[in-house]
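The structure appears right after this line, and notes come after that.
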There are 2 protein chains.
Amino acid sequence: MKLTTKGRYAVTAMLDLGLRYGQGAVTLADIAQRQGISLSYLEQLFAKLRRTGLVNSVRGPGGGYTLSKEPSEISVAEIILAINENIDARRCAGKADCVGGDRCLTHELWEELSERIHEFLSGITLGDLVNQPIVQEVASRQEGRVRLALSQ
Amino acid sequence: MKLTTKGRYAVTAMLDLGLRYGQGAVTLADIAQRQGISLSYLEQLFAKLRRTGLVNSVRGPGGGYTLSKEPSEISVAEIILAINENIDARRCAGKADCVGGDRCLTHELWEELSERIHEFLSGITLGDLVNQPIVQEVASRQEGRVRLALSQ
DNA sequence: TACTTAACCAAGAAGTTTAGTCAACTATTG
DNA sequence: CAATAGTTGACTAAACTTCTTGGTTAAGTA
């Protein structure tokens, strides 16, 4: 479990999809504009999200991305794991000083901690976030900004 | 709140100190050997831990580092914050596209999540970890290894 | 068919972080 | 004084993050 701005971006973008769940496909260009993330970076993130089956894509005009499941069925942990996709494979296999299994055990210790964080983030879904008042607020403000931009 | 291998190293090293709490100062060289972390990297980490007051240092022969508080009073969160020391200051202050406060709010959203992780890690102390059976196991095995090395 | 849209893909640049090295210096103990 | 061990700073290689550029491919629309 690794927590960086990369994961923050992914969760924000997925939340953007969650807020528009059931309203058709959302383009990455729209998300990029609303959330202030570069389009190409979003493309990289969504390539991974698509590969892990968290989103579906539709090409061509009117296309974009949609969540593959209900927001309440997608956890924050799933999103972060999907974009990190690091198996944390450095399990002493290639380390010379890993004699007697000592280092492996300290690794396992940290992994237990990491696991508990994972459990925690597994308990928070996009649905939970969508239903939070503060998120609703942001969403309506963002909609307003788009309408304003279109009317100019 | 950022979770990387850097924090993992810091927590492991602090746990090493926690296991020897009340038994005098522990040298970084010992920790480096036991935990398989490079000495110079440990020096960098402990410079920060010392600056934030989590450890005390004693120079000269017989010197080393000790925890400044009881293991049960040092949380994992404190350690990670001490070595990261990132104020996460990019609060849209320098961003041109932060119009109408929209991005600031999405930031706050993530920060709330981040805060909950912080709360979670604040609830785990070095004392908790020291008392875990698996940690005790590792510790005795490490002691054994040192004794073996000395007797050869 | 031509055009537009928007996903998809790849290469890499720029910047930051991680992890480590090296060298010098200072305080303490014996 | 000599050995130990912390302290500091400059520096580097490698990895990772973030973003850019420049395409291609598929699907609608005129």
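Nothing here was measured: the structure is a model prediction, and the numbers come from that model. Within every chain, numbering begins at 1; the chains are lettered A, B, ... in the order of the sequence lines, protein sequences first and strands thereafter.
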Given 3.5 Å as the limit, does a donor-acceptor pair link the side chain of A:S75 with the main chain of A:G123, or not?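 No; judged by distance alone, with no hydrogens or angles, the pair does not exist.
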Is there a donor-acceptor pair under 3.5 Å between the side chain of A:S68 and the backbone N or O of A:L54? yes
Using 0.5 Å steps for rounding, measure from the [atom1] atom of [X] to the [atom2] atom of [Y].
X	Y	atom1	atom2	answer
A:K6	A:L45	NZ	CG	6.5 Å
B:F46	B:L17	CZ	CG	4.5 Å
A:N56	A:T66	CG	OG1	4.5 Å

To the nearest angstrom, how far is [X] atom [atom1] from [N] atom [atom2]?
X	N	atom1	atom2	answer
A:Q44	D:dC19	CD	C1'	8 Å
B:L42	C:dA19	CG	P	11 Å
A:L45	D:dC16	CG	P	16 Å
A:F46	C:dA6	CZ	P	15 Å
B:Q35	C:dG20	CD	P	14 Å
B:R51	D:dG6	CZ	C1'	14 Å
A:D30	C:dA7	CG	C1'	14 Å
A:I31	D:dC19	CD1	C1'	17 Å

Are A:S57 and C:dC8 close enough that a side-chain N or O sits under 4.0 Å from OP1 or OP2? yes
Give a yes/no on whether any side-chain N or O of A:Y9 is located under 4.0 angstrom from OP1 or OP2 of D:dC19. yes
If you check every side-chain atom of [X], which of [options] has the closest atom?
X	options	result
A:E43	C:dC9, D:dA5, C:dA7	C:dC9
A:T27	C:dA6, C:dG20, D:dT8	C:dA6
B:Y41	C:dG12, C:dA7, C:dG20	C:dG20

For a quick check of understanding: with a heavy-atom distance under 4.0 Å over all strands, which category does [X] fall into, base, sugar-phosphate or nothing?
X	value
A:Y65	sugar-phosphate
A:L39	nothing
A:S40	base

Contacts of A:G7 and B:R50 projected onto DNA chain D by closest heavy atom; the upstream (5') one is B:R50
The test is side chain to side chain contact (heavy atoms under 4.5 Å, CB included); show your working for B:I74 and B:Y21 and say whether it passes. CA-CA 12 Å; B:I74 297 179; B:Y21 186 67; over 6 Å; no
Within the sub-3.5 Å range, which N or O atoms of nucleotides 26-30 of chain D have a protein N or O partner, and how far apart are they?
residue: D:dA26; atom: O4'; partner: A:R59; partner atom: NH1; Å: 2.2

Side chain to side chain contact (heavy atoms under 4.5 Å, CB included) between A:M14 and A:V55, intermediate numbers included: CA-CA 9 Å; A:M14 287 290 279; A:V55 295; 3.6 Å; yes
